[in-house]
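The next block holds one structure in the form of structure tokens; read it before the comments.
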Amino acid sequence: MSEDSVRRSMPLFPMGIVQSLTDLSARQIRYYEQHKLVEPARSEGNRRLFSFNDVDRLLEIKSLIEKGVNMAGIKEMLKVEEKPANDAYDEKRVEEVHNELSEKELRRMLQQELFTAGSHGKLGIRQGELSRFFH
DNA sequence: CTTCTGACA
DNA sequence: TGTCAGTA
């Protein structure tokens, strides 16, 4: 664990700061938290305390949102870390075996396309057309 | 004054 | 998503 690692995950700024830092509304930030895209710490008074990692995460989320990606898509992209051990993987295996290779490859290509184009200009993809690739 | 949760003319 | 309410 590098010292930078701890500083990056240290609970520092409240909602207001994060709002101006990300240009996201408090409503949106709380909404993304509900979907476990970020998990800020809490102060004694139940106030949210975001870390640099949280802010970075929110900025990426914002980037994806601006490209028209929805919650399902964002969760796929950021790979929300989840359950330690259960049977959720069985379903994924079933799906993989059930799906054609073309669909899986297509999804991968879309991820790359979105990420690369992500740090650049805008892409002509919209929710309706894109949502089809995420379930 | 700022943030939080819950709810919806 | 915005926004208003009633708190902490």
Side-chain angles (χ1 to χ4, degrees):
Chain A
M1 294 174 242
S2 63
E3 302 172 31
D4 201 64
S5 178
V6 305
R7 299 192 181 190
R8 196 167 336 207
S9 59
M10 199 181 309
L12 299 175
F13 6 70
M15 261 300 249
I17 302 299
V18 179
Q19 275 189 70
S20 55
L21 245 41
T22 63
D23 277 305
L24 288 172
S25 66
R27 180 78 168 74
Q28 291 177 296
I29 297 173
R30 291 172 188 138
Y31 180 69
Y32 303 146
E33 180 186 24
Q34 284 178 36
H35 285 257
K36 298 186 174 181
L37 269 44
V38 289
E39 34 195 332
R42 293 300 180 115
S43 67
E44 295 180 11
N46 195 40
R47 269 61 217 292
R48 263 167 275 250
L49 291 179
F50 301 81
S51 65
F52 280 104
N53 281 321
D54 292 324
V55 177
D56 288 340
R57 193 84 176 250
L58 287 171
L59 288 174
E60 295 209 18
I61 293 171
K62 184 195 173 194
S63 172
L64 293 174
I65 285 296
E66 294 179 320
K67 296 181 186 314
V69 181
N70 56 188
M71 284 303 98
I74 294 177
K75 285 183 179 177
E76 295 288 329
M77 312 290 265
L78 301 184
K79 276 303 172 188
V80 178
E81 298 171 42
E82 50 194 294
K83 312 150 190 175
N86 51 46
D87 45 292
Y89 289 100
D90 291 314
E91 290 185 26
K92 280 198 173 184
R93 285 186 177 179
V94 175
E95 281 185 41
E96 289 187 334
V97 179
H98 190 286
N99 288 329
E100 296 281 327
L101 290 176
S102 60
E103 258 262 77
K104 294 202 298 181
E105 291 181 11
L106 177 56
R107 199 173 306 182
R108 281 200 167 188
M109 292 175 75
L110 269 172
Q111 286 189 9
Q112 293 183 193
E113 194 174 341
L114 285 174
F115 267 134
T116 53
S119 35
H120 303 162
K122 298 161 188 175
L123 208 53
I125 308 177
R126 296 185 179 180
Q127 274 198 340
E129 312 169 44
L130 193 60
S131 61
R132 165 176 177 286
F133 301 105
F134 304 102
H135 31 118

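With a 4.5 Å cut-off on side-chain heavy atoms, A/Arg48 and A/Val18 do not count as touching. The shortest distance between side-chain heavy atoms of A/Ile65 and A/Met71 falls below 4.5 Å. Using a 4.5 Å heavy-atom cutoff, the side chains of A/Met15 and A/Ile29 are in contact.
Protein chain A contacts DNA chain C from C/dT1 to C/dA8, reading 5' to 3' and using non-hydrogen atoms of the protein with a distance under 4.0 Å. Put simply, chain A comes within 4.0 Å of DNA chain B, heavy atom to any atom, from B/dT2 to B/dA7, going 5' to 3'.
A heavy-atom distance below 4.0 Å to DNA chain B is reached by these residues of residues 41-50 of chain A, ordered by number: A/Arg42, A/Asn46, A/Arg47, A/Arg48. Contacts between residues 24-31 of chain A and DNA chain B, counted as heavy-atom distances below 4.0 Å, involve A/Arg27, A/Arg30.
Residue pairs meeting the ring pair (Phe, Tyr, Trp, His ring centres under 6.0 Å) criterion with at least one partner in residues 40-74 of chain A, sequence neighbours excluded, are A/Phe13-A/Phe52.
Every residue two or more places apart in sequence or in another chain was checked for a ring pair (Phe, Tyr, Trp, His ring centres under 6.0 Å) with A/Tyr32, and none qualifies. Looking at residues two or more places apart in sequence or on another chain, you find a side-chain contact (heavy atoms from CB on, under 4.5 Å) between A/Arg47 and A/Ser43. With sequence neighbours excluded, no residue forms a salt bridge (charged side-chain N to carboxylate O under 4.0 Å, His left out) with A/Arg30. With sequence neighbours excluded, the residues forming a side chain to side chain donor-acceptor pair (under 3.5 Å) with A/Ser25 are A/Gln28, listed by chain and number. Residues forming a side-chain contact (heavy atoms from CB on, under 4.5 Å) with A/Pro11 (at least two apart in sequence, or on another chain): A/Ala41, A/Leu49. Applying the side-chain contact (heavy atoms from CB on, under 4.5 Å) test to A/Ser51 and every residue at least two apart in sequence or in another chain returns A/Asn53, A/Asp54.
Listed here is the closest heavy atom pair of A/Leu58 and A/Leu24: O-CD1, 3.8 Å. Shown here for A/Ile17 and A/Ser20, the closest heavy-atom pair between the two residues is O-OG, 2.9 Å.
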State the dot-bracket string of DNA chain B. Criteria: Watson-Crick or G-U wobble, both atom distances under 3.5 angstrom; notation: ( ) intrastrand, [ ] crossing earlier pairs, | interstrand, . unpaired. .|.|||||.

